[in-house]
Amino acid sequence: MGLPTIVVGSALDIVEYCGVPRFLFTDIPLGNPCGKPEDRTMQRAIVRRALALLGSADEPRSTQTTPFVWGDHQSWRSSYAQVTEDNLDALRALGEARRARRGRPSS
Amino acid sequence: MTFEPAESSSLPVPYMARTRAYYRALGYERDYVWATHAGVPFSPLSKSVSKLKLALVTTANPLSWEEGQPKSVWSGTTSQPPVALNTDDLAWDKDNTHTNDVETFLPIRALQGLVAAGELGSLSERYYGLPSEYSQHKTLNQDVPALQSLLVEDAVDAVMLVPL
């Protein structure tokens, strides 16, 4: 028998595509899966919910979503890895620079 | 090339689609292949949470790691939580947040608080670093077995994995 595990994270699609035994999902920007910076109340609540799910789940792919939000606005959702007509040229140049630095072609 | 509509919705971010579009815009022709498993294992708890010895695992790097260096499984001491870890190479939202508060991804003090409150049995003496790698082969065949050895050595009952 393996070790019981729980994943605490903020990328719902990636973790569910992977498939894990237990997943506590908090829908806030990537980087703070255990709560907003300096928000000890949210952090403690998320960890407490993770322990509760660890104890209550009885089958794989058990996902639970916490009620916590980042703030009043939703603009963070569209800005991550954004591709727009305005930044296409800049992104292409960034990619070329990366490949040149690593010395390999685009593939 | 098609663009996602500007979102005002509160739906979860489609990170896989977003990342594919982003790397195509950078000029990479092959899409990243995310790990996926048709069958997912499940191990029930052997005891109640209030009696468990829990291990905490992060994908952040130790401060001694520098970009470009090979990564390996590492550990630190939970009695002395780190004040900072190196997250520079990881894919988190650098426009909207920061990782200066380690508790946001390695909640040692929060877990210690729950131990003190009697809600969790104990936290293992070490926390563990499992590298975030492009190669799933390295993760599965090298890093996970190394992590597993440490977890068995420390006799933990369950594991909380917190990927950034």
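By convention in this document, chain letters (A, B, ...) are assigned in the order of the sequence lines, proteins followed by strands, and residues within each chain are numbered from 1.
- Proximity to chain B (any heavy atom under 4.5 Å) is restricted, for A:E59, to the backbone atoms N, CA, C and O.
- In terms of heavy-atom pairs under 4.5 angstrom with chain A, the leader among B:A110, B:P41, B:A38 is B:P41.
- Contacts between B:A55 and chain A at a heavy-atom distance below 4.5 Å are absent for every atom of the residue.
- A pairwise comparison of heavy atoms in B:A25 and A:L88 identifies CB-CD2, 4.1 Å as the closest pair.
- Classification of B:D101 and A:R40 as a salt-bridged pair holds, one side-chain N sitting under 4.0 Å from a carboxylate O.
- Panel note: side chain B:T36, backbone A:Y17; a donor-acceptor pair is recorded below 3.5 Å.
- Nearest heavy atoms, A:L30 versus B:A91: CD1-O, 3.5 Å.
- For B:L151, the part lying under 4.5 angstrom from a heavy atom of chain A is the side chain only.
- Nearest heavy atoms, B:P44 versus A:P4: O-CG, 3.5 Å.
- Using a 4.5 Å heavy-atom threshold, the side chains of A:V8 and B:M160 count as touching.
- Under a cut-off of 6.0 angstrom, the local environment of CD in B:Q80 is sparse, with at most 12 non-hydrogen atoms contributed by other residues, nucleotides or ligands.
- Comparing A:A52, A:A50, A:A57 by heavy-atom pairs within less than 4.5 Å of chain B, the highest count is held by A:A57.
- Counting heavy atoms of neighbouring residues, nucleotides and ligands inside a 6.0 Å radius, atom CG of B:N141 exceeds 12 of them.
- In this structure, B:P12 and A:D13 have side chains that are not in contact, with every pair of non-hydrogen atoms separated by 4.5 Å or more.
- Within the 4.5 Å cutoff, side-chain heavy atoms of B:L54 are placed close to those of A:L51.
- With ring centers used as reference points, A:Y80 lies under 6.0 Å from B:Y15.
- B:V162 touches chain A through backbone and side chain together, each having a heavy atom under 4.5 Å away.
- The two residues B:D93 and A:P29 have their closest heavy-atom pair at OD2-CB, 3.7 Å.
- Within the 4.5 angstrom heavy-atom criterion, atoms from both the backbone and the side chain of B:V156 approach chain A.
- Contacts of A:S10 with chain B are made by backbone atoms alone, with heavy-atom separations under 4.5 Å and no side-chain atom involved.
- For B:D157, the part lying near chain A is the backbone, with the side chain staying farther off; criterion is any non-hydrogen pair under 4.5 Å.
- Counting heavy-atom neighbours within 6.0 Å of B:Y23 OH, excluding the residue itself, gives a total of 12 or less.
- When every heavy atom of B:F42 is checked against every heavy atom of A:P21, the shortest pair comes out as CD1-CB, 3.9 Å.
- Contact tally against chain B (heavy-atom pairs below 4.5 Å) for A:V69, A:N32, A:V15: the top residue is A:N32.
- Interface summary for chain A: among B:L52, B:T19, B:L45, B:L164, the most heavy-atom pairs under 4.5 angstrom belong to B:L45.
- A cation-pi geometry, defined here as NZ or CZ lying under 6.0 Å from the six-membered ring centre and within 45° of its normal, holds between A:R99 and B:Y28.
- Within the 4.5 Å cutoff, side-chain heavy atoms of B:T97 are placed close to those of A:P37.
- Looking only at side-chain heavy atoms (C-beta outward), B:T104 and A:Q43 come within less than 4.5 Å of each other.
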